[in-house]
Asks: 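Encoded as structure tokens, here's the structure I'll be asking about.
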Amino acid sequence: MKIIILGAGRIGESVAGTLVSERNDITVIDTDAVRLRELEERIELRGVVGSGIEPDVLAEAGARDCDMLIACAAQDETNLVCCKVAYQVFGIPTRIARVRSSAFKEDSPLLGKEGFAVDCVICPEESLTRYIGKLVEYPEALQVREFANGLACLVAVRAVAGAPMVRHSIAELRETVPGADMRIVGIYRRLENEPDRFIICEGPTLIEAGDEVFVLSAREHLPAVLSALHRYDKADHREVERIMIAGGGRVGLRLAKQLVETGGNYQIKVLERDHARCVQLASELPGSVLVLHGDGTDEDLLEDEGIENIDLFLSLTSDDEDNIMASLLAKRLGARRVLALINRRSYADLMHGTQIDIALSPAQTMLGELLAYVRQGDVQAVHSLRRGVAEALEIVARGDRKTSRVVGRRISDIQLPKGAQFGLVMRGLPEIGEGEPPAGTAAPIPAQVIIARGDTVIESNDHVVIFVPRKRQVRDVEKLFRVSATFF
């Protein structure tokens with residue numbers, strides 16, 4: 001696929017790197033020639049210096065035969081105008097814009113063909129706060145990813161010694177934890193002085209303490225899933241109530257508002273080093289949120305504010321080093337759980353599995369929204385995992401037994417790439433764009449989440465969730481679900 005990316009910043013660089021690794025033809029436009037040259041040296045792509053709102057620059061980047069435009073420059077106005085020019089002048093089929101302003105919603109007429117002609121709006125800050133909100137709701141999890149609008153979830157959890165499933169095999173799952181209806185699809189095991197090793201999930205596979213386990217289940221079963229892998233003692237268990245946010249920028253402000261709006265019993269403190277920004281935060285946030293003028297790396301301030309009683313410490317500034325140091329300090333001073341926002345992938349890799357419980361990359365949280373547009377076949381959702389190494393995708397099975405390699409067949413008879421796992425089958429979901437049934441017609445059968453087992457038969461229009469441990473295997477999965485005129 002030929003794709004133009006406007007903006008060589010952190011988001012643009014991350015998106016370009018991922019798409020190039022999947023053998024797409026990528027051209028990046030940016031006004032900073034030095035940044036483009038550095039990007040060309042590290043990633044196999046083409047750079048064009050100039051403004052993306054100018055037709056001549058877009059033409060030089062190959063807009064006349066381009067399949068997709070991803071506008072993720074720093075300014076909303078630039079991205080919106082670029083999409084309009086791309087549609088009106090060049091007829092680029094798919095146009096995606098990064099828009100920070102909440103005034104532009106997906107259904108806004110301003111984004112339609114008569115407006116800015118944007119097919120999809122992405123907002124990394126919104127994706128990030130929504131993602132962190134799930135981690136607040138399920139504090140034992142390292143990741144929580146949703147499918148089918150939250151009907152099913154993929155969670156990553158660190159197995160803890162003493163949990164019911166630890167030191168038991170996957171084959172013993174139903175017997176050991178009868179109430180947890182789930183499918184374990186991936187295990188990453190820590191090794192001394194070596195990268196984490198991927199363990200293929202088979203019946204005899206043992207779960208060890210310290211393993212990072214990826215599990216798929218219906219949303220209502222998540223508490224049971226987390227209890228099976230993370231020691232859960234009702235006497236010691238404490239929900240997330242006390243939250244401290246270091247950094248009152250866009251992400252910190254949006255997250256504080258989101259937590260307040262959920263109606264949860266949260267006690268929230270926001271630390272911000274800029275005094276003028278503190279005044280603005282205090283005016284925008286309700287009185288229940290305490291805004292403090294200070295630095296997240298100030299040990300005395302953290303101790304004065306009772307860091308030892310904090311359930312979740314979130315370092316969300318724009319500085320990776322500050323976020324890492326603040327999180328490490330908070331953990332040492334007694335915070336129960338810490339999360340650091342880290343833009344640089346190399347830093348995130350170093351911090352993963354250390355005293356920082358969760359090292360979160362902003363680009364990775366929204367990457368799946370873009371990948372769903374790039375994927376071949378009827379892919380509904382994509383989630384990038386393990387900092388882009390693995391993926392979980394929701395793909396719709398189409399056709400019939402004659403035209404499809406999967407429809408009408410048992411899962412045990414379908415050959416996936418090595419290590420890839422069928423996780424869930426979601427049946428009875430409405431088609432995209434389907435409205436309410438006409439008056440007088442029978443109510444539709446409620447959607448159901450089926451745990452994928454060897455004897456499960458895939459039907460046409462089933463939404464299938466597949467865990468893929470290596471990104472290069474995704475194309476093989478897409479080909480498997482492709483509908484042919486005839487299949488023998």
Asks: Okay, side chain of Arg183, backbone of Phe422: is any donor-acceptor separation there less than 3.5 Å?
Replies: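 Judged by distance alone, yes, a pair lies under 3.5 Å.
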Asks: Ignoring hydrogens and angles, write down the donor-acceptor pairs under 3.5 Å from the side chains of residues 53-72, residues two or more places apart or on other chains.
Replies:
| from | atom 1 | to | atom 2 | distance (Å) |
| --- | --- | --- | --- | --- |
| Asp65 | OD1 | Lys2 | NZ | 2.8 |
| Asp65 | OD2 | Lys2 | NZ | 3.4 |
| Asp67 | OD2 | Lys2 | N | 2.8 |

Asks: Verify, without hydrogens or angle tests, whether Asp400 (side chain) and Thr403 (backbone) share a donor-acceptor contact under 3.5 angstrom.
Replies: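 A pair under 3.5 Å: yes.
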Asks: Determine whether Arg386 and Asp196 satisfy the following criterion, salt bridge (Lys or Arg N to Asp or Glu O under 4.0 Å), listing intermediate values before the conclusion.
Replies: CA-CA 10 Å; Arg386 298 284 301 181; Asp196 290 357; 3.2 Å; yes
Asks: Assess, by modelled atom type and distance only, whether the side chains of Asp378 and Gln380 contain a donor and an acceptor separated by less than 3.5 Å.
Replies: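 Gln380 and Asp378 do have a side-chain donor-acceptor pair below 3.5 Å.
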Asks: Between Asp76 and Arg98, does a salt bridge (Lys or Arg N to Asp or Glu O under 4.0 Å) hold up when you go through it step by step?
Replies: CA-CA 7 Å; Asp76 290 355; Arg98 171 187 179 176; over 6 Å; no
Asks: Would Tyr188 and Phe214 count as a close aromatic pair, with their ring centres under 6.0 Å?
Replies: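 Judged by ring-centre distance (under 6.0 Å), Tyr188 and Phe214 do meet the cut-off.
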Asks: Does any pair with a residue in residues 255-264 pass salt bridge (charged side-chain N to carboxylate O under 4.0 Å, His left out), and if so which ones, sequence neighbours excluded?
Replies: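 Passing the test, one end in residues 255-264: Lys257-Glu284.
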Asks: So do the side chains of Val477 and Pro417 get within less than 4.5 Å of each other, counting heavy atoms only?
Replies: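 Heavy-atom side-chain distance check passes, below 4.5 Å.
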Asks: Between Arg42 and Glu13, is there a side-chain N and carboxylate O pair less than 4.0 Å apart?
Replies: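 So Arg42 pairs with Glu13 through a salt bridge.
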Asks: Is there side-chain contact between Leu222 and Tyr138, with heavy atoms separated by less than 4.5 Å?
Replies: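 They are in side-chain contact.
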Asks: Side chains of Phe313 and Arg336, heavy atoms from C-beta outward: is any pair under 4.5 Å?
Replies: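 Contact flag for Phe313/Arg336 side chains = no.
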Asks: The test is side-chain contact (heavy atoms from CB on, under 4.5 Å); show your working for Ile268 and Leu285 and say whether it passes.
Replies: CA-CA 11 Å; Ile268 304 170; Leu285 291 169; over 6 Å; no
Asks: Start with the C-alpha gap between Leu429 and Leu151, add the side-chain angles, then the distance that decides, and say whether side-chain contact (heavy atoms from CB on, under 4.5 Å) holds.
Replies: CA-CA 10 Å; Leu429 292 173; Leu151 182 66; 3.8 Å; yes
Asks: Walk me through it: do Ile4 and Val48 pass the test side-chain contact (heavy atoms from CB on, under 4.5 Å)?
Replies: CA-CA 10 Å; Ile4 294 175; Val48 173; over 6 Å; no
Asks: Salt bridge check, Arg273 against Asp322: does any charged N sit closer than 4.0 Å to a carboxylate O?
Replies: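 Salt bridge: yes.
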